[in-house]
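Chain letters run A, B, ... following the sequence lines, proteins first and then strands; every chain starts at 1. The shown structure was predicted, so the numbers you read here are calculated from the model rather than taken from an experiment.
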Protein chains: 2
Amino acid sequence: MNETMVFERFIESKGLKHSKPRLGILDVFLNIEKHMSIDELWAAVRIKHPSIGYATVYRTLKLLCEGGLCRELHFEDGTTRFEHLYGHDHHDHLICTECGRLVEVVDEKIEALQVKLMRRHGFSPKYHRMDLYGTCKNCRKSEP
Amino acid sequence: MNETMVFERFIESKGLKHSKPRLGILDVFLNIEKHMSIDELWAAVRIKHPSIGYATVYRTLKLLCEGGLCRELHFEDGTTRFEHLYGHDHHDHLICTECGRLVEVVDEKIEALQVKLMRRHGFSPKYHRMDLYGTCKNCRKSEP
DNA sequence: CTCTATGCAAAACCTTTGCATAGAA
DNA sequence: TTCTATGCAAAGGTTTTGCATAGAG
């Protein structure tokens with residue numbers, strides 16, 4: 001069961017149809033191994049499939065999110081980016097404020113405490129988002 | 001040293017000028033005790049100061065952020081909101097996905113682990129953002 | 001006086017949608 | 001044949017800016 005199969009089943013379950021553009025976009029999406037903006041994805045899609053329009057990329061991205069293959073993230077700087085979701089376990093982000101480097105991390109102790117914290121306030125946990133900002137080793141070397 | 005003084009000093013430090021609209025907007029801003037959108041702030045400003053334009057609210061809000069009085073937050077649902085910053089210690093958010101209720105919290109254990117986590121990856125911590133989503137007690141009562 | 005702040009309106013952006021046509025089932 | 005999908009272009013919505021005038025220092 002890979003991403004493409006998940007997507008095809010999702011398409012079927014919604015009574016939608018298969019199409020080349022959708023599979024082409026999915027393929028390009030899966031081969032970009034970072035958090036991408038719609039424009040970045042579109043640019044990459046155009047290289048392989050010049051005839052695909054922006055609107056189709058846009059609509060397919062929404063489908064991917066709905067189908068659990070993609071997650072839309074809104075960052076502190078106001079940008080919107082998308083990341084792979086299927087087969088990727090939950091993770092949080094370390095982000096370098098100098099160079100933008102992004103590291104995916106999970107800290108089980110923090111995860112457990114987050115659940116406790118929510119329960120303590122009467123919440124039933126569903127999901128969360130944690131972004132930790134700072135300067136990475138490299139950036140501190142060059143600019144002391 | 002209150003917010004208004006902080007703002008005036010900030011204005012001076014940047015070689016800018018005092019003005020009634022700016023102080024009026026700051027005053028209204030400070031009296032809204034929740035995370036507000038630009039439009040909500042503008043609506044509130046218009047009641048007290050009908051002649052102030054949207055652009056001035058917009059530009060003043062940017063100044064407030066720059067001056068450390070206000071923080072711009074981008075939420076998972078794509079909305080942008082602003083919260084008071086000066087005199088408010090750092091905090092994280094619990095957000096009800098049903099009713100939108102927002103609780104400000106701090107968990108010292110989590111804070112400490114976040115710092116450790118960053119250090120472990122070679123980052124020097126600057127700030128972070130943690131939003132925990134779930135359903136609150138009330139919403140689970142009404143819809144079981 | 002001189003330089004900044006303001007209100008207005010328009011521009012720039014980004015996101016989303018309508019529609020006629022192409023394509024899947 | 002009967003739907004849905006697509007590309008294009010245009011509409012929406014929000015954020016940002018230019019400019020002439022008002023206002024602060």
Side-chain angles (χ1 to χ4, degrees), chain A residues 4 7-29 35-67 70-82, chain B residues 4 7-29 35-67 70-82:
Chain A
T4 307
F7 185 59
E8 303 214 317
R9 289 206 186 164
F10 172 70
I11 290 290
E12 284 156 22
S13 75
K14 294 211 46 165
L16 305 176
K17 293 175 177 176
H18 299 280
S19 85
K20 282 181 194 165
R22 278 182 186 157
L23 287 178
I25 292 166
L26 174 59
D27 176 56
V28 172
F29 170 76
H35 297 65
M36 70 203 92
S37 65
I38 287 200
D39 284 356
E40 280 166 354
L41 177 58
W42 189 45
V45 165
R46 300 220 76 165
I47 294 171
K48 275 203 165 183
H49 314 277
S51 63
I52 293 180
Y54 184 92
T56 303
V57 172
Y58 169 82
R59 286 185 277 228
T60 302
L61 213 30
K62 294 287 168 187
L63 275 183
L64 294 179
C65 288
E66 231 189 296
C70 174
R71 182 154 87 125
E72 186 172 342
L73 294 169
H74 298 270
F75 288 93
E76 293 287 80
D77 65 0
T79 58
T80 301
R81 295 177 167 274
F82 298 82
Chain B
T4 307
F7 185 59
E8 303 213 317
R9 288 205 187 166
F10 172 70
I11 290 291
E12 284 156 22
S13 75
K14 293 210 47 164
L16 305 177
K17 293 175 176 175
H18 298 280
S19 84
K20 280 181 194 166
R22 279 183 185 156
L23 288 178
I25 292 166
L26 174 59
D27 176 56
V28 171
F29 170 75
H35 297 65
M36 70 202 92
S37 65
I38 286 200
D39 283 358
E40 280 167 356
L41 177 58
W42 188 46
V45 165
R46 300 220 77 164
I47 294 171
K48 274 204 166 181
H49 313 277
S51 63
I52 292 180
Y54 183 91
T56 302
V57 173
Y58 169 81
R59 287 186 277 230
T60 301
L61 213 31
K62 294 287 168 187
L63 275 182
L64 294 180
C65 288
E66 231 189 297
C70 174
R71 183 153 87 124
E72 186 172 343
L73 295 169
H74 298 269
F75 289 93
E76 293 286 82
D77 65 358
T79 58
T80 301
R81 294 177 168 274
F82 299 83

| note | The residue, B:Asp39 or A:Ile11, whose nearest nucleotide of DNA chain D is more 5′ is A:Ile11
| request: Could you check how far CZ of A:Phe7 sits from C1' of D:dA5, rounded to whole Å? | output: 11 Å
| message | Just so I know, are the side chains of A:Leu16 and A:Leu63 near enough to count as touching, which here means a heavy-atom distance under 4.5 Å? | response | yes
| remark: With the side chain defined as heavy atoms from C-beta on, A:Leu16 is closest, among C:dT4, C:dA9, D:dT4, to D:dT4
| task | Using only side-chain N and O atoms of A:Arg22, determine if any of them is under 4.0 Å from OP1 or OP2 of D:dA5. | result | yes
| field | Contacts of B:His49 that satisfy ring pair (Phe, Tyr, Trp, His ring centres under 6.0 Å) - sequence neighbours left out | value | none
| note | Sorted by position of nearest nucleotide on DNA chain C, 5' first, the leading residue of B:Ser19 and A:Tyr54 is B:Ser19
| query | Can you check the A:His18 NE2 to D:dT4 P distance for me, whole Å? | reply | 15 Å
| request: Please determine which of A:Glu40, A:Glu72, A:Glu76 meets the salt bridge (charged side-chain N to carboxylate O under 4.0 Å, His left out) test together with A:Arg81. | output: A:Glu40
| note | Whole-Å distance, B:Tyr58 OH to C:dG7 C1', equals 16 Å
| said: Do A:Ser37 and A:Phe82 have side chains that approach each other closer than 4.5 Å (heavy atoms only, starting at C-beta)? | reply: no
| message | Within the 4.0 Å heavy-atom criterion, would you say B:Lys14 contacts the bases, only the backbone, or no part of the nucleic acid? | response | nothing
| task | Quick one: closest heavy-atom pair of A:Trp42 and A:Ile52, and the distance? | result | NE1-O, 3.6 Å
| query | salt bridge (Lys or Arg N to Asp or Glu O under 4.0 Å) with B:Lys14: which residues, sequence neighbours excluded? | reply | B:Glu66
| task | Give me the residues of residues 70-77 of chain A where at least one heavy atom lies under 4.0 Å from an atom of DNA chain D, by number, or none. | result | none
| query | Once you round it to whole Å, what is the distance between P of C:dA5 and CG of B:Leu61? | reply | 16 Å
| Roughly how many Å is it from NZ in A:Lys20 to C1' in C:dG23, rounded to a whole number? | 10 Å
| With distance as the sole test, does A:Arg22 use its side chain to make a donor-acceptor pair with the main-chain N or O of A:Ile11 at under 3.5 Å? | no
| field | Spacing between A:Lys62 atom NZ and C:dT17 atom P, to the nearest angstrom | value | 9 Å
| request: Send over the distance from B:Arg59 CZ to C:dT6 P, rounded to a whole Å. | output: 8 Å
| Atom pair distance, as rounded to whole Å: CZ in B:Phe10 and P in C:dT4 | 15 Å
